[in-house]
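Here the structure is laid out as structure tokens; the discussion comes afterwards.
Atoms within each ligand, like the ligands themselves, are counted from 1 in listed order.
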Amino acid sequence: MSEIKILIAGYARPVKGGYLASPSTVLIKDSGKFILVDPGANAKLLLQALKKEKLKPADIHIIFLTHYHPDHILNIRLFPKADIYDGNTIYRGDKEIFYNGKNIPGTTVKIIATPGHAHEHASLIVKTKEGIGAIAGDVFWWDDGQEPKMDKKSLLDLKDEFVKDKKALRQSRLKLLKMADYIIPGHGNKFQITSNK
Ligand SMILES: [Zn+2]
Ligand SMILES: [Zn+2]
């Protein structure tokens, strides 16, 4: 069983000449470890949120990156001592340690390969008091104010202007919708899965 807390609700707003975006940043506490998922790009918000949890950056053991888009990654510089994990490799300084990619070693947190938005994309499945949660990164995301309808079809058809492989993305969405009770999207608010099973 894990405890999770959304430290920052992911946002994405087109602005003149670009974007203002940082993803959902989630803190998982499992098996005595603090895991931070997608530290994002807003250093001020993240440090404030950690402080609220009475945590310092040095207290974070593991940083998990769902994929390699810089808005999900930039804040790793606040955690020079943490191990950086992706879906199958641990980065510790210049060491790259391959692992099974089924769960985060030493924890109950499951890893699911969810390619489509990005080829390397992986999501996390956590068992919590509130049910089974999927930390989905950009398998599901939307611009501020563009929240989709929450029926299965709308969620599967959700537009992704940065998609790399549409077919794979749809499969990944289907997988998470089947497994989870609720989903934390990359940008946007957590939502419950109701009649999709
Ligand atoms: Zn992305
Ligand atoms: Zn994103």
Side-chain angles (χ1 to χ4, degrees), residues 4-28 35-50 60 62-79 82 84-89 91 101 104 109 111-126 133-148 150 154-177 180 182-191 193:
I4 69 168
K5 174 111 195 197
I6 300 171
L7 295 184
I8 300 171
Y11 57 88
R13 336 184 221 290
V15 293
K16 204 173 165 231
Y19 241 98
L20 200 62
S22 198
S24 298
T25 298
V26 181
L27 179 69
I28 306 173
I35 303 161
L36 192 68
V37 187
D38 284 351
N42 189 327
K44 199 176 157 197
L45 271 187
L46 180 57
L47 291 172
Q48 277 171 356
L50 285 172
I60 302 298
I62 291 171
I63 291 187
F64 185 87
L65 302 175
T66 57
H67 65 297
Y68 304 149
H69 284 160
D71 60 318
H72 289 245
I73 295 178
L74 291 180
N75 278 340
I76 60 172
R77 57 193 161 193
L78 302 174
F79 306 88
I84 309 293
Y85 286 56
D86 66 13
N88 52 42
T89 305
Y91 299 87
I104 295 183
V109 178
I111 301 168
I112 307 288
T114 46
H117 172 81
H119 299 304
E120 74 283 2
H121 201 293
S123 303
L124 297 180
I125 297 288
V126 285
I135 305 174
D138 285 349
V139 173
F140 297 96
W141 75 275
W142 50 85
D143 284 343
D144 291 10
Q146 304 292 313
E147 179 158 323
M150 292 299 166
S154 306
L155 288 167
L156 288 176
D157 291 343
L158 185 62
K159 192 174 137 266
D160 178 357
E161 62 191 283
F162 300 110
V163 65
K164 288 284 185 313
D165 180 338
K166 269 191 175 168
K167 213 174 138 190
L169 178 60
R170 202 182 160 86
Q171 287 303 320
S172 295
R173 286 175 172 169
L174 205 54
K175 225 192 281 185
L176 294 184
L177 289 173
Y182 64 90
I183 287 183
I184 300 170
H187 310 265
N189 288 323
K190 169 179 158 179
F191 60 93
I193 300 164

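In this structure, L36 CG and I76 CD1 are separated by 11.5 Å, a value rounded to the nearest 0.5 Å. Interatomic distance, CG of L27 versus CD1 of I6, reported as 11.0 Å (0.5 Å rounding).
For H187 atom NE2 and H72 atom NE2, the angle they make at the Zn ion (ligand 2) is roughly 110°, to 10 degrees. Expressed to the nearest 10°, the angle at the Zn ion (ligand 1) joining NE2 in H67 with ND1 in H69 is 90°.
Taking 2.8 Å as the criterion, H121 does not count as a coordinating residue of the Zn ion (ligand 1), since none of its N, O or S atoms falls below it.
With 3.5 Å as the limit, one finds a donor-acceptor pair spanning the side chains of Y11 and N42.
At least one donor-acceptor pair under 3.5 Å links the side chain of H187 to the backbone N or O of S22.
In terms of distance to the Zn ion (ligand 2), the nearest N, O or S atom of D138 is named OD2.
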